[in-house]
Amino acid sequence: MKMKHTLIGLAAVLALALAGCSSKTNAQETKTVKVGILQLINQTALDDARKGFEQELAKEGYTGDKIKIDYVNAQGDQSNLQSMSQRLKQDKNDVNLAIATPAAQALAKADKETPMVFTAVTDPKAAGLVTNASQPDQNATGVTDMVDIKAQMKYLLKLFPKTKTVGLLYNAAEQNSVVQIKSATKVAKQLGLKVATTTVASTNDVQAATETLAGKCDAMYLVTDNTVAAAMPTVAKLSLKKHVPAVCAASTMVEDGGVATRGISYKELGRQTAKLAIKILKGKKVKNLPVEAPAKTMVIKNEKMMKAFNLTDADVK
């Protein structure tokens with residue numbers, strides 16, 4: 001009899017334990033995760049990175065009432081970056097996404113507690129986001145958009161072998177651009193090219209700066225600069241007018257007016273970043289998620305610009 005009561009008691013305890021586990025599992029499954037997104041500016045590459053990020057989240061089941069996304073866009077304004085970073089901090093999100101280097105820097109400064117993933121950041125170490133990319137130590141990790149600049153400039157020479165002077169256009173206030181321009185200048189000299197450099201402070205400067213630069217070079221190599229990328233339609237018009245081609249580091253810059261590139265897809269970059277965010281949402285620690293390089297590169301071409309510069313599909317392969 002005593003044994004019977006003992007077995008009944010054990011069964012009851014086990015049932016309660018299972019019910020508790022089931023309740024906990026159900027609670028985890030029904031929990032609405034909160035994701036904050038801070039984007040620097042509206043431009044095709046950054047927009048694509050965000051779309052890819054959200055699409056990958058949705059693909060993994062983060063849809064409807066399972067996720068709440070708070071998306072804010074600073075429109076290139078530093079004061080907006082600061083206030084919006086504070087807002088996302090106060091939201092106490094499960095993870096935040098920063099799109100572009102200035103956005104990541106602002107968010108990292110404002111919020112040390114919320115795990116952050118970044119995308120469209122060229123050099124996270126130079127930007128102060130990590131000390132060691134293999135073992136992130138500041139509660140931030142992500143995917144860089146650093147491309148193989150030497151390979152791209154060799155590609156420029158393959159397309160336009162008569163180039164003697166290459167033009168570089170960028171915003172000197174963007175840390176990511178400064179890093180790339182230093183590398184591009186070094187590579188150009190290694191390849192026997194002269195360099196003409198012009199800087200801009202905002203998209204309002206791009207037209208005049210491009211006109212000036214086009215008069216000094218045979219072809220332009222445009223790094224992944226957010227200011228220039230946002231004004232690519234203007235660059236494209238002047239490229240055609242002055243008959244000075246632009247080979248761009250980013251796929252979206254080609255789509256918006258460059259000739260061609262061997263580069264990355266920002267939508268894929270966003271998807272790759274989302275996979276890191278999902279690992280964090282499932283309990284992984286940021287320090288155990290190394291910063292990643294782009295997983296894929298591809299040839300991207302602009303048919304209209306290729307025709308204008310007498311290039312065929314065979315030329316851009």
Side-chain angles (χ1 to χ4, degrees), residues 14-75 80-100 103-104 106-121 129 136 138-143 145 252 265-289 291-292 295-296:
L14 182 60
L16 285 171
L18 290 172
C21 289
S22 176
S23 175
K24 186 176 180 181
T25 302
N26 289 338
Q28 289 175 334
E29 289 176 352
T30 58
K31 177 190 173 186
T32 298
V33 301
K34 295 170 65 180
V35 178
I37 300 178
L38 176 60
Q39 184 171 323
L40 172 64
I41 193 173
N42 278 333
Q43 59 110 317
T44 310
L46 304 189
D47 291 341
D48 275 5
R50 187 185 77 252
K51 290 173 185 174
F53 182 84
E54 293 178 350
Q55 287 170 0
E56 187 66 25
L57 286 176
K59 178 184 172 185
E60 293 301 315
Y62 293 95
T63 58
D65 59 4
K66 292 183 179 180
I67 188 169
K68 179 182 179 183
I69 295 178
D70 186 4
Y71 164 63
V72 286
N73 190 314
Q75 302 299 340
N80 285 344
L81 284 175
Q82 294 170 4
S83 61
M84 289 173 177
S85 293
Q86 288 295 332
R87 167 179 157 178
L88 293 182
K89 176 185 178 181
Q90 292 166 7
D91 284 349
K92 297 188 181 302
N93 295 313
D94 296 293
V95 65
N96 285 327
L97 166 69
I99 307 177
L107 194 52
K109 184 177 180 180
D111 188 353
K112 307 290 185 186
E113 302 300 321
T114 309
M116 178 176 77
V117 292
F118 51 75
T119 195
V121 169
L129 301 172
Q138 298 186 50
N139 210 24
T141 188
V143 184
D145 62 354
T252 50
S265 160
Y266 274 82
K267 194 166 283 188
E268 288 301 319
L269 205 71
R271 289 182 180 278
Q272 191 176 342
T273 308
K275 290 176 182 177
L276 289 174
I278 290 167
K279 289 178 181 178
I280 292 170
L281 291 172
K282 291 183 176 180
K284 274 268 193 178
K285 299 294 184 183
V286 173
K287 65 181 181 180
N288 296 324
L289 295 170
V291 174
E292 298 179 3
K296 299 177 181 178

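These numbers were taken from a predicted model, which means no experiment stands behind them.
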Pair Gln86, Asp111: side-chain N/O donor-acceptor within cut-off below 3.5 Å: no
Distance (rounded to the nearest 0.5 Å) between Ile41 CD1 and Leu81 CG: 10.0 Å
Any side-chain heavy-atom pair of Asp48 and Ser265 under 4.5 Å: no
What side-chain donor-acceptor pairs closer than 3.5 Å can you find for residues 275-285, not counting sequence neighbours?
none

Min side-chain heavy-atom separation Lys68-Val35 under 4.5 Å: no
Any donor-acceptor pair under 3.5 Å from Thr141 side chain to Val286 backbone: no
Distance, nearest 0.5 Å, that separates CG of Leu40 from CE of Met84: 10.5 Å
Residue pair Arg87, Asp70: steps toward the side chain to side chain contact (heavy atoms under 4.5 Å, CB included) verdict: CA-CA 10 Å; Arg87 167 179 157 178; Asp70 186 4; 2.7 Å; yes
Close side-chain approach of Asn139 and Lys287, heavy atoms under 4.5 Å: no
Spatial distance of atom CG (Leu38) from atom CG (Leu88) [nearest 0.5 Å]: 6.0 Å
Side chain proximity check, Phe118 to Leu107, heavy atoms < 4.5 angstrom: no
Taking every non-hydrogen atom, the tightest pair across Gln75 and Asn42: NE2-ND2, 3.3 Å
Side chain proximity check, Lys296 to Gln272, heavy atoms < 4.5 angstrom: no
Side chain to side chain contact (heavy atoms under 4.5 Å, CB included) between Val117 and Phe53, worked out: CA-CA 11 Å; Val117 292; Phe53 182 84; 4.2 Å; yes
Shortest non-hydrogen separation from Val33 to Tyr62 and the atoms involved: CG2-CD2, 3.7 Å
Minimal non-hydrogen separation, Met116 against Ala104, with atom names: CE-O, 3.7 Å
Pairwise side-chain contact, Ile37 with Ile69, heavy-atom cut-off 4.5 Å (strictly under): yes
Extract all donor-acceptor atom pairs below 3.5 Å that involve side chains of residues 90-100 and protein atoms in other chains or at least two apart in sequence.
| from | atom 1 | to | atom 2 | distance (Å) |
| --- | --- | --- | --- | --- |
| Asn93 | ND2 | Asn96 | OD1 | 2.9 |
| Asp94 | OD1 | Lys31 | NZ | 3.2 |
| Asp94 | OD2 | Lys34 | N | 2.7 |
| Asn96 | OD1 | Gly36 | N | 3.4 |

Point-to-point distance, once rounded to the nearest 0.5 Å, from CD of Glu60 to CZ of Arg271: 10.5 Å
Residues in side-chain hydrogen bond (donor to acceptor under 3.5 Å, both in side chains) contact with Thr119, at least two apart in sequence or another chain: Thr273
Distance, nearest 0.5 Å, that separates NZ of Lys112 from CD of Gln138: 6.0 Å
Nearest-0.5 Å distance that lies between atom NZ in Lys59 and atom CD in Glu54: 16.0 Å
Side-chain touch Val143/Val291, heavy atoms, less than 4.5 angstrom: no
